[in-house]
There are 2 protein chains.
Amino acid sequence: MRYPPGHKEEKRKELLKAGGTLVKNRGFAASGVDALTEAAGVTSGAFYSHFASKNDLLKALIENELQTSREMWAGNPHESAEDWIGYELDRYLSMSHVRHPGAGCVLPALGAEIARAGEEIRQAYAKELAKGIEVLTQRLGDKELAWAFLCQMVGAILMARTMPDQKTQRAVLESSKRFLQAAISQMAGKTNVGQPGNAGGTIGNTRAARATGAARKIVPHAK
Amino acid sequence: MRYPPGHKEEKRKELLKAGGTLVKNRGFAASGVDALTEAAGVTSGAFYSHFASKNDLLKALIENELQTSREMWAGNPHESAEDWIGYELDRYLSMSHVRHPGAGCVLPALGAEIARAGEEIRQAYAKELAKGIEVLTQRLGDKELAWAFLCQMVGAILMARTMPDQKTQRAVLESSKRFLQAAISQMAGKTNVGQPGNAGGTIGNTRAARATGAARKIVPHAK
DNA sequence: GTCTATAATTTGATAGAC
DNA sequence: GTCTATCAAATTATAGAC
């Protein structure tokens with residue numbers, strides 16, 4: 001063999017990693033196979049020994065990106081649900097995330113292109129995303145709330161990135177962050193967060209939150 | 001002249017309208033000039049008598065789309081802020097909107113590509129969007145809240161469209177809708193909505209809402 | 001003002017040498 | 001397994017006829 005063992009797998013990982021960065025920065029449709037392979041240090045001819053087509057790469061790319069995102073969640077050091085969520089809000093809704101799409105979440109960067117992808121890709125995507133939703137659901141105590149949070153975060157990064165100046169970008173980001181923080185503190189106010197037996201658990205049991213009507217204010221932080 | 005007067009302007013409008021539909025459906029990068037012009041009933045050669053480049057079309061397209069969206073808002077028949085917002089939530093967060101990107105809002109469909117566009121396009125876009133934000137701010141009584149609502153709505157449509165089946169799409173949509181409806185009813189609960197002198201006005205003055213802490217529950221509706 | 005025709009690149013993908 | 005070379009098709013944009 002001309003190439004050391006494990007070379008192929010290594011290059012495949014590099015195609016996924018470097019390709020992910022490139023595609024999140026430029027968009028999938030705007031990223032040619034040449035640029036994809038060059039970013040990974042191979043030529044376009046070698047590409048097709050790794051993936052059957054450019055679309056096949058997209059599928060693997062999306063799965064890889066969602067897995068990476070979940071690994072980041074797993075690295076969140078906080079135990080209490082409230083702190084855990086707060087940490088993720090700060091990390092996700094940051095100017096760094098706005099300014100560096102290639103290093104960030106795949107959803108705001110490629111969401112529209114995922115939506116336009118074929119059945120097979122969307123199925124694989126949905127399967128991976130469901131795992132993430134489950135994690136978020138465990139922390140927030142409600143699947144609907146998890147979806148709402150995710151949509152808000154994705155929409156905020158997407159919209160902030162469309163803004164032409166950093167000041168407005170920051171304003172967009174902060175608006176969504178405060179909105180979600182308010183929702184959190186509303187729930188935390190009169191539920192069992194931080195109480196015995198709930199360490200590392202959810203922010204609040206939904207049924208309880210509904211029954212007690214445990215919300216307080218919509219904009220808790222001063223600017 | 002071989003073509004009747006007003007023909008050019010008419011074709012330009014058609015390029016913007018048909019082009020908008022095509023681009024929102026397929027994405028801008030994936031839409032060739034040939035397809036763009038064919039959709040408007042002209043050949044690719046004529047395209048450049050209307051627009052200096054494909055990117056120039058994108059700019060005009062985005063402005064046109066945002067204007068159209070604001071015209072839809074203007075057609076909202078409700079006077080009270082609460083009803084007005086509720087009507088827009090139902091319209092925007094609908095399965096019809098999820099399933100027909102070409103007929104819908106430009107933000108979930110092209111947001112990522114707008115974010116990647118050049119300064120000039122983003123400036124023109126931001127100027128138009130600001131008008132929309134202003135309308136929303138007048139209804140919601142707070143600019144931050146307006147941004148948060150917009151981000152949630154855009155994110156919800158984007159995420160719903162990525163889902164592979166209608167059932168999940170509906171669930172995503174409903175999650176965000178309930179989340180926003182809850183925020184509305186929290187504010188409406190202890191503010192001056194519907195009271196004398198506030199007809200057609202905002203949902204609540206922010207300062208008042210902050211001071212009184214006029215929120216109640218995060219998930220007001222049963223499933 | 002729009003048409004046909006075409007230029008110049010770039011695209012996704014394949015074939016064969018090593 | 002990856003390289004170079006190359007294909008056919010599609011891309012954005014222009015030139016000249018009418």
Side-chain angles (χ1 to χ4, degrees), chain A residues 1-62 110 113-114 116-118 120-121, chain B residues 1-62 110 113-114 116-118 120-121:
Chain A
M1 263 197 235
R2 304 242 315 264
Y3 294 90
H7 175 83
K8 185 173 181 178
E9 278 189 55
E10 193 186 326
K11 279 300 174 191
R12 185 192 151 93
K13 283 183 187 173
E14 215 160 322
L15 275 167
L16 289 178
K17 190 172 181 294
T21 303
L22 189 78
V23 165
K24 286 186 289 181
N25 276 331
R26 300 190 193 176
F28 178 70
S31 301
V33 174
D34 275 13
L36 261 331
T37 51
E38 191 182 1
V42 291
T43 57
S44 67
F47 177 87
Y48 294 92
S49 78
H50 292 280
F51 304 99
S53 67
K54 195 189 165 195
N55 253 279
D56 190 35
L57 168 72
L58 178 60
K59 181 183 170 187
L61 214 57
I62 292 166
L110 299 187
E113 294 191 284
I114 293 172
R116 296 182 193 112
E120 193 187 334
I121 290 181
Chain B
M1 264 196 233
R2 306 245 312 266
Y3 293 90
H7 174 84
K8 184 173 181 179
E9 277 189 56
E10 192 187 324
K11 278 301 174 191
R12 185 192 150 93
K13 283 183 186 172
E14 214 161 322
L15 276 167
L16 288 178
K17 188 172 182 292
T21 302
L22 189 79
V23 166
K24 286 187 289 181
N25 276 330
R26 301 190 192 175
F28 178 70
S31 300
V33 174
D34 275 12
L36 260 333
T37 51
E38 190 182 2
V42 291
T43 56
S44 67
F47 177 87
Y48 295 93
S49 79
H50 292 279
F51 304 99
S53 67
K54 195 190 164 194
N55 253 279
D56 190 34
L57 169 72
L58 179 59
K59 181 183 170 187
L61 214 57
I62 292 167
L110 299 186
E113 294 190 283
I114 293 172
R116 295 181 192 115
E120 193 187 334
I121 289 180

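A, B, ... follow the sequence lines: proteins, then strands. Residue 1 opens every chain.
Applying the 4.0 Å criterion to OP1 and OP2 of D:dA13, one finds that B:Y48 has a side-chain N or O inside that range. Phosphate proximity of D:dT2 to A:H50: present, with a side-chain N or O under 4.0 Å from OP1 or OP2. OP1 or OP2 of D:dC3 lies within a sub-4.0 Å distance of a side-chain N or O belonging to A:T43. Phosphate contact (OP1/OP2 of D:dT2, side-chain N/O of A:S49, threshold under 4.0 Å): present.
When the C1' atom of D:dC3 is taken as reference, atom NZ of A:K11 falls 13 Å away, rounded to whole Å. For the pair A:E38 CD and D:dT2 C1', the computed distance is 16 Å after rounding to whole Å. The OH-P distance, from B:Y3 to C:dT2, rounds to 7 Å in whole Å. A:L57 places its CG atom 13 Å from the C1' atom of C:dG12, with the value rounded to the nearest Å. Residue A:R26 contributes atom CZ, which lies 13 Å from atom C1' of C:dT10 at whole-angstrom precision. A straight line from CG of B:D34 to P of C:dT11 spans 17 Å, rounded to a whole angstrom. Taking atom CZ of A:F47 as the reference point, atom C1' of C:dT11 lies 13 Å away to the nearest angstrom. Whole-Å rounding puts the B:E14 CD to C:dG1 P distance at 17 Å.
Of the candidate nucleotides D:dG1, C:dC3, C:dA5, C:dA5 has the atom nearest to the side chain of B:S44. In the set C:dG1, C:dG12, D:dG1, C:dG1 carries the atom at the smallest distance from any side-chain atom of B:H7.
Across all strands shown, B:S53 has heavy atoms under 4.0 Å from sugar-phosphate atoms exclusively, and none from any base. Nucleic acid contact class of B:G32 (heavy atoms, under 4.0 Å, all strands): sugar-phosphate only. Within 4.0 Å of A:S31, counting heavy atoms only, lie sugar-phosphate atoms of the nucleic acid but no base atom.
Of the residues A:E14, A:E9, A:R12, the one that meets the side-chain contact (heavy atoms from CB on, under 4.5 Å) test with A:H50 is A:R12. Remark: of the listed residues A:L16, A:V33, A:L36, A:L16 is the sole one forming a side-chain contact (heavy atoms from CB on, under 4.5 Å) with A:F51.
Surrounding NZ of B:K54 are more than 12 heavy atoms belonging to other residues, nucleotides or ligands, all under 6.0 Å away.
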Please test B:E10 against B:K13 for side chain to side chain contact (heavy atoms under 4.5 Å, CB included), starting from the C-alpha separation and ending with a verdict.
-> CA-CA 5 Å; B:E10 192 187 324; B:K13 283 183 186 172; 5.8 Å; no
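To the nearest 0.5 Å, the span separating CD1 on A:I62 from CG on A:L110 amounts to 6.5 Å.
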